[in-house]
Amino acid sequence: MGLSSLPLLFLLAAAPPLEAAPVPPVALPMSLKAFETVLQEGDIPQLSAACADADRFGLQERLRLLRDRLMLVAPSPQPLAVVMANARALMACKAPDSTQIVLSRFGPGPGSQRREWLLLSWQAASAALDQDRAVLALRRLADGDLTRLDTELLIVGQSEDGLPLTRSALDLLANHEIAAGRPEAAVTVLLAGRTPGVVASRRLGQAAELLAPLDLERSDLLLEAALDQAAAEQAWGLAEELLRLQLRLALQRGGDADRPRERLRRLASRVDDRLTLLELEQISPDFDPQRVQDLEDQLRSPRAAGGHASLGESDSSEAPASNPLATP
């Protein structure tokens, strides 16, 4: 080793040791001793926190014990604040059926208290897949006027970023009616909406699909109204979905499918949706193998943009100059 290396050795020796990156603490469930204390002596907030902890770590036996305790910790009668806290704790314990039992201990009068009580009742019924109770809660929330539910946004989950995901209470009520086997009631709910544009178009299309087995003529009228709304908003992706529905319904009833097929073909051509064009060609009565091959080649080409996944609500600068849904 030469002398020129000595200063470097002295520098390395004098340098402080590199600190290791901090290791994040390992998350652990509540200790057994702490859990037993909360179970025996804890109040509702403490029991609720223990429920969240047990659920996080999948401790099913602890959840069961906590549910049993929450059913006894605040016997009736109790003020609404206590009843609501108790019910929310049971929701944290994944016990929506027990939540409904606790909520039944209090009957709130009109006003903000009743609204709070109904929303939690709907949440519990929805979690328990109790469609009738969910319908009852939302209809009581509407208080005889379904249009009130149009702008009522209810939390239905969380995004990957932890932000709340919401849906209109009107659409949720329609879905509960469908799940309960009442399509006609769902149609009435959907048609009560007053939000225009794309929302209205989707609702009209859903109502048309529900009505198809019951009232074909009315179903056709609703579907045309849905297409008009989609065209007005230049929502070409949605328009394609509606035309696919129209084509499927025509094929199911053995009617004339040429018109919806041609309208879908024309729209797909105008927006350069080659995937839809390929699908139409494959089911066409005038099947052309060469045309199918040409479209498949275009889809495989890295420079070919055609594909329906990117279609959506276009602004006027991107949309076709004329309405491609108009009857020729």
Side-chain angles (χ1 to χ4, degrees), residues 115 118-119 121-157 164-253 255 260 263-264 267 311-313 323 325:
R115 170 183 165 79
L118 285 172
L119 288 174
S121 180
W122 165 77
Q123 185 183 359
S126 181
L129 301 180
D130 188 338
Q131 309 300 339
D132 288 332
R133 279 185 180 271
V135 165
L136 182 60
L138 292 180
R139 286 191 177 273
R140 285 178 173 174
L141 187 65
D143 195 21
D145 184 3
L146 289 174
T147 61
R148 294 182 179 183
L149 301 181
D150 199 357
T151 56
E152 182 79 52
L153 298 180
L154 303 183
I155 297 175
V156 294
L165 298 174
T166 60
R167 287 196 66 189
S168 165
L170 191 76
D171 294 317
L172 291 169
L173 176 56
N175 287 345
H176 288 307
E177 292 284 18
I178 293 169
R182 295 186 288 266
E184 290 177 281
V187 169
T188 302
V189 171
L190 289 166
L191 297 183
R194 294 294 178 265
T195 303
V198 171
V199 172
S201 181
R202 289 192 182 280
R203 287 173 176 167
L204 288 167
Q206 187 178 6
E209 186 172 12
L210 291 169
L211 270 179
L214 308 170
D215 188 338
L216 188 57
E217 183 177 354
R218 192 178 176 208
S219 172
D220 288 340
L221 291 173
L222 290 176
L223 197 44
E224 288 299 330
L227 285 163
D228 288 343
Q229 287 277 351
E233 295 296 317
Q234 299 180 0
W236 307 120
L238 175 56
E240 282 197 337
E241 291 177 23
L242 294 169
L243 287 173
R244 286 173 182 272
L245 171 61
Q246 192 175 57
L247 176 59
R248 176 165 57 82
L249 293 177
L251 291 171
Q252 284 177 354
R253 62 177 179 253
R263 294 176 80 187
L264 181 54
L267 175 57
L311 294 179
E313 298 151 30
N323 180 4
L325 303 184

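Since this is a predicted model, take the numbers as computed values, not measurements.
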message: Would you compute the distance between atom CD of Glu241 and atom CG of Leu243 and round it to the nearest 0.5 angstrom?
response: 10.5 Å

message: Suppose the criterion is side-chain hydrogen bond (donor to acceptor under 3.5 Å, both in side chains): which pairs have a residue in residues 207-217, not counting sequence neighbours?
response: Glu209-Arg248

- request: Specify the closest pair of heavy atoms between Thr147 and Ala192, including all atoms of both residues, with the distance to one decimal.
  value: CG2-O, 3.4 Å

message: For Glu184, I'd like to know if atom CD has over 12 heavy atoms of other residues, nucleotides or ligands within 6.0 Å.
response: no

query: Where do Glu152 and Leu170 land on the side chain to side chain contact (heavy atoms under 4.5 Å, CB included) test, with the steps shown first?
result: CA-CA 8 Å; Glu152 182 79 52; Leu170 191 76; over 6 Å; no

task: Using atom types as modelled and distance alone, determine if a side-chain donor or acceptor of Ser168 lies under 3.5 Å from a backbone N or O of Leu149.
output: yes

- line: Leu242 and Ser201 have their tightest heavy-atom pair at CD1-OG, 3.4 Å

message: Holding to salt bridge (charged side-chain N to carboxylate O under 4.0 Å, His left out), I want the full list of residues that pass it with Glu224, two or more places apart in sequence or in another chain.
response: Arg259, Arg263

- request: Kindly give the heavy-atom pair with the smallest separation between Ala212 and Leu249, and that separation in Å.
  value: CB-CD2, 3.9 Å

Gap between atom CH2 of Trp122 and atom CG of Leu154 - 0.5 Å precision: 5.0 Å

task: Determine, stepwise, if the pair Leu222 / Leu191 fulfils side chain to side chain contact (heavy atoms under 4.5 Å, CB included).
output: CA-CA 10 Å; Leu222 290 176; Leu191 297 183; 4.0 Å; yes

query: Which one of Val189, Val187, Leu190 satisfies the side chain to side chain contact (heavy atoms under 4.5 Å, CB included) criterion with Arg203?
result: Leu190

Spatial distance of atom CG (Leu245) from atom OG (Ser219) [nearest 0.5 Å]: 7.0 Å

message: If you apply the rule side chain to side chain contact (heavy atoms under 4.5 Å, CB included), what do you find for Asn175 with Arg167, and how did you get there?
response: CA-CA 11 Å; Asn175 287 345; Arg167 287 196 66 189; 3.0 Å; yes

message: Counting C-beta onward and ignoring hydrogens, is there a side-chain heavy-atom pair between Leu238 and Glu233 closer than 4.5 Å?
response: no

Output side-chain donor-acceptor pairs under 3.5 Å for residues 124-138, partner residues at least two apart or in another chain, one line each.
from   : atom 1 : to     : atom 2 : distance (Å)
Asp130 : OD1    : Arg133 : N      : 3.2
Asp130 : OD2    : Arg133 : NE     : 3.4
Gln131 : OE1    : His176 : ND1    : 2.8
Asp132 : OD1    : Arg182 : NH1    : 3.2
Asp132 : OD1    : Arg182 : NH2    : 3.1

- prompt: Rounded to the nearest 0.5 Å, how far does CG of Leu264 lie from CZ of Arg244?
  reply: 6.0 Å

- prompt: Considering only heavy atoms from C-beta outward, does the side chain of Asp143 approach that of Arg115 to under 4.5 Å?
  reply: no

- request: Look at atom CD1 of Ile155 and say whether more than 12 heavy atoms of other residues, nucleotides or ligands are closer to it than 6.0 Å.
  value: no

- prompt: Once you round to the nearest 0.5 Å, how far does CZ of Arg218 lie from CG of Leu216?
  reply: 13.0 Å

- request: Drop me the distance from Leu223's CG to Gln246's CD, to the nearest 0.5 angstrom.
  value: 5.0 Å

